[in-house]
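A, B, ... follow the sequence lines: proteins, then strands. Residue 1 opens every chain. As a basis for the values below, the full set of heavy atoms in this structure was taken, side chains included, without hydrogen atoms, waters or symmetry mates.
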Number of protein chains: 2
Amino acid sequence: MAEHVGSGGAGGESLLFLTDEQIRKGIEAMYFAYRGFTADPDRILENYAYGRAHHRALHFVNRSPGTTVNNLLALLGVTKQSLNRVLRTLIDDGLVESRVGASDKRERNLFLTEAGAALEAEVSEAQRARVRAAYRAAGPDAVAGFRQVLEAMMEPELRTHYQAFKEGGA
Amino acid sequence: MAEHVGSGGAGGESLLFLTDEQIRKGIEAMYFAYRGFTADPDRILENYAYGRAHHRALHFVNRSPGTTVNNLLALLGVTKQSLNRVLRTLIDDGLVESRVGASDKRERNLFLTEAGAALEAEVSEAQRARVRAAYRAAGPDAVAGFRQVLEAMMEPELRTHYQAFKEGGA
DNA sequence: CAGTTTATGTCAGCCTTGTTGACATTCCAA
DNA sequence: TTGGAATGTCAACAAGGCTGACATAAACTG
């Protein structure tokens, strides 16, 4: 199973970064880093009796105002029952507004209320602060590599969604 | 809140990679990539009625044979009760062996059995295959940056554990 | 227009994996 | 030797995934 790598080829193109040991370390790095990545939002949301699921909903509604429930389902990869529970509490608590679709009245267009936007900003800024610090410490070239590897690691369908945001963004 | 960045400074040291927009994209990349990262192990473990928690336990016991429960707790960041449940099933199913500590009989030293090592190898190879493909697609320089940013993103305590593995490894 | 498909919401119940609390065992130090 | 700290286990609960079943309304199709 273990791939045949390790002998630095001719032309200085060493493949040592593809050894199982290097890849195991990358896996551990990903696992530990992801915990840091979610730690600050988790801590903040605890004060509001919300969890990671609420954070994800707030994030993507903020990212794509007016998005539909179905659209969100594709992004989040959960069942509608699961998403509905989270969305229900956010709507009942006045953080998300759900408007009947203009052209297609079956759809619901989702928006953050002022309060929702405020919470999203608070949580998001905490998370961005950590990522910003990591970016600054690692430098622009490292960040480019970081983004490149992450993109290559995504499931193709999610990569498409990601790239759509990438275009749409700035 | 948003940091004062964006004006490319003198000397070609542009800080555009620190804009909120770039950081938001990094956050999304991290989220989508982590789902890819866990997808293959999850799929395999489903067949054995195990979950992600079992995977983590197998991984770290394999990584540090003879480790104690307490040690594992520090690595995994869950309560001992939560870990115990997972460990219990793995021991009962004959994947992990728990030996009473030699010097301190309160401790338990954990090892993978042959069956445990086999499952660990199967799951691990699936995960490594995806990471390997991503590494290969991105290239060695990108991988170095990837690792650097991840390390900077970890909580300090976990970074220490991570670096200990890094030394001990290969 | 009748029938089907699509988008959404909801109820009920289950599973995994977190949590706290209570408790037994073992070790160590006063 | 006795009390406290460390280690591990059992019980019960909560969050947030899941499936299945079903209702409604709107859109689409023949």
Side-chain angles (χ1 to χ4, degrees), chain A residues 31 34-35 38-39 41-61 66-93 96-111, chain B residues 31 34-35 38-39 41-61 66-93 96-110 123:
Chain A
Y31 169 63
Y34 196 77
R35 283 176 49 192
T38 55
D42 285 356
R43 246 189 308 274
I44 292 173
L45 288 165
E46 215 174 319
N47 304 329
Y48 299 87
Y50 293 138
R52 212 171 284 180
H54 302 86
H55 179 196
R56 292 196 281 261
L58 287 177
H59 175 95
F60 284 110
V61 170
T67 188
T68 63
V69 172
N70 239 355
N71 203 326
L72 225 45
L73 285 177
L75 249 50
L76 296 175
V78 298
T79 59
K80 63 176 179 172
Q81 294 90 332
S82 202
L83 174 59
N84 186 256
R85 187 186 1 200
V86 167
L87 228 36
R88 189 78 266 138
T89 71
L90 290 175
I91 292 170
D92 289 348
D93 293 353
V96 168
E97 195 192 337
S98 166
R99 297 187 207 148
V100 171
S103 56
D104 188 334
K105 290 180 195 164
R106 292 171 305 178
E107 294 183 342
R108 300 287 181 275
N109 296 117
L110 302 171
F111 301 88
Chain B
Y31 169 64
Y34 196 77
R35 283 175 51 189
T38 55
D42 286 355
R43 247 190 307 273
I44 292 173
L45 288 166
E46 217 174 318
N47 304 329
Y48 299 86
Y50 292 139
R52 210 171 284 181
H54 301 86
H55 178 200
R56 293 196 281 258
L58 287 175
H59 175 94
F60 284 110
V61 171
T67 189
T68 63
V69 172
N70 234 359
N71 201 326
L72 226 46
L73 285 178
L75 251 52
L76 296 175
V78 298
T79 58
K80 59 181 178 174
Q81 295 88 334
S82 195
L83 174 58
N84 185 258
R85 188 195 310 122
V86 167
L87 231 34
R88 189 76 268 139
T89 70
L90 291 175
I91 292 170
D92 290 349
D93 293 354
V96 167
E97 195 193 337
S98 165
R99 297 185 206 148
V100 172
S103 55
D104 187 334
K105 288 181 194 163
R106 291 171 303 182
E107 294 184 341
R108 301 287 182 275
N109 295 115
L110 303 170
V123 172

Could you pick out which residue, A:Arg52 or B:Ser98, lies toward the 5' side of DNA chain D when each is mapped onto its nearest nucleotide?
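Its nearest nucleotide lies further toward 5', so the answer is B:Ser98.
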Closest-nucleotide mapping onto DNA chain D: is A:Val78 or A:Asp104 further toward the 5' terminus? I mean the 5' end.
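That would be A:Val78.
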Selection from [options] that lies nearest to any side-chain heavy atom of [X]:
X	options	answer
B:Asn84	D:dG8, D:dG16, C:dT19	D:dG8
A:Ser82	C:dT10, C:dG18, D:dC18	D:dC18
A:Lys105	D:dA27, C:dT10, D:dG17	D:dA27
B:Gln81	C:dC11, D:dT9, D:dA27	D:dT9
A:Lys80	C:dG9, D:dG8, D:dT9	C:dG9
A:Arg108	D:dA26, C:dT8, D:dT9	C:dT8
A:Arg85	D:dG17, C:dT10, D:dC10	D:dG17
A:Arg106	C:dT17, C:dG18, C:dT5	C:dT5

Just how far, in rounded Å, is [atom2] of [N] from [atom1] of [X]?
X	N	atom1	atom2	result
A:Arg56	D:dA15	CZ	P	16 Å
A:Asn71	C:dA7	CG	C1'	13 Å
B:Leu83	C:dT20	CG	P	15 Å
A:Leu76	C:dT8	CG	P	13 Å
B:Leu73	C:dT17	CG	P	16 Å
A:Arg43	C:dT19	CZ	C1'	17 Å
A:Asn109	C:dA7	CG	C1'	12 Å
A:Ile91	C:dT8	CD1	P	12 Å

Is there a side-chain polar atom (N or O) of [X] under 4.0 Å from OP1 or OP2 of [N]?
X	N	value
B:Thr79	C:dT19	yes
B:Arg88	D:dT9	yes
A:Asn70	C:dT8	yes
B:His54	C:dT16	no

Could you give me the CA-CA distance, side-chain angles and deciding distance for A:Tyr50 and A:Thr89, then say whether side-chain contact (heavy atoms from CB on, under 4.5 Å) is met?
CA-CA 9 Å; A:Tyr50 293 138; A:Thr89 71; 4.3 Å; yes
Minimum heavy-atom distance between B:Pro41 and B:Thr38, given as atom pair plus value:
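Shortest heavy-atom separation between B:Pro41 and B:Thr38 comes out as CD-O, 3.5 Å.
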Which heavy atom of B:Asn109 sits nearest a heavy atom of B:Gly101, and at what distance?
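Taking B:Asn109 first and B:Gly101 second, the nearest heavy atoms are OD1-CA, 3.4 Å.
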Give one of base, sugar-phosphate or nothing for A:Thr89, where a contact means two heavy atoms less than 4.0 Å apart.
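Result for A:Thr89 = nothing.
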Would you check if A:Phe60 and A:Leu76 make a side-chain contact, meaning some heavy-atom pair closer than 4.5 Å?
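They are in side-chain contact.
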B:Glu107 vs B:Asn70 side-chain heavy atoms within contact, under 4.5 Å
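No. Closest side-chain heavy atoms not under 4.5 Å.
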Is the side chain of A:Arg52 donor-acceptor paired with the backbone N or O of A:Leu45 at a distance under 3.5 Å, no angle test?
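Not confirmed, A:Arg52 side chain does not pair with A:Leu45 backbone.
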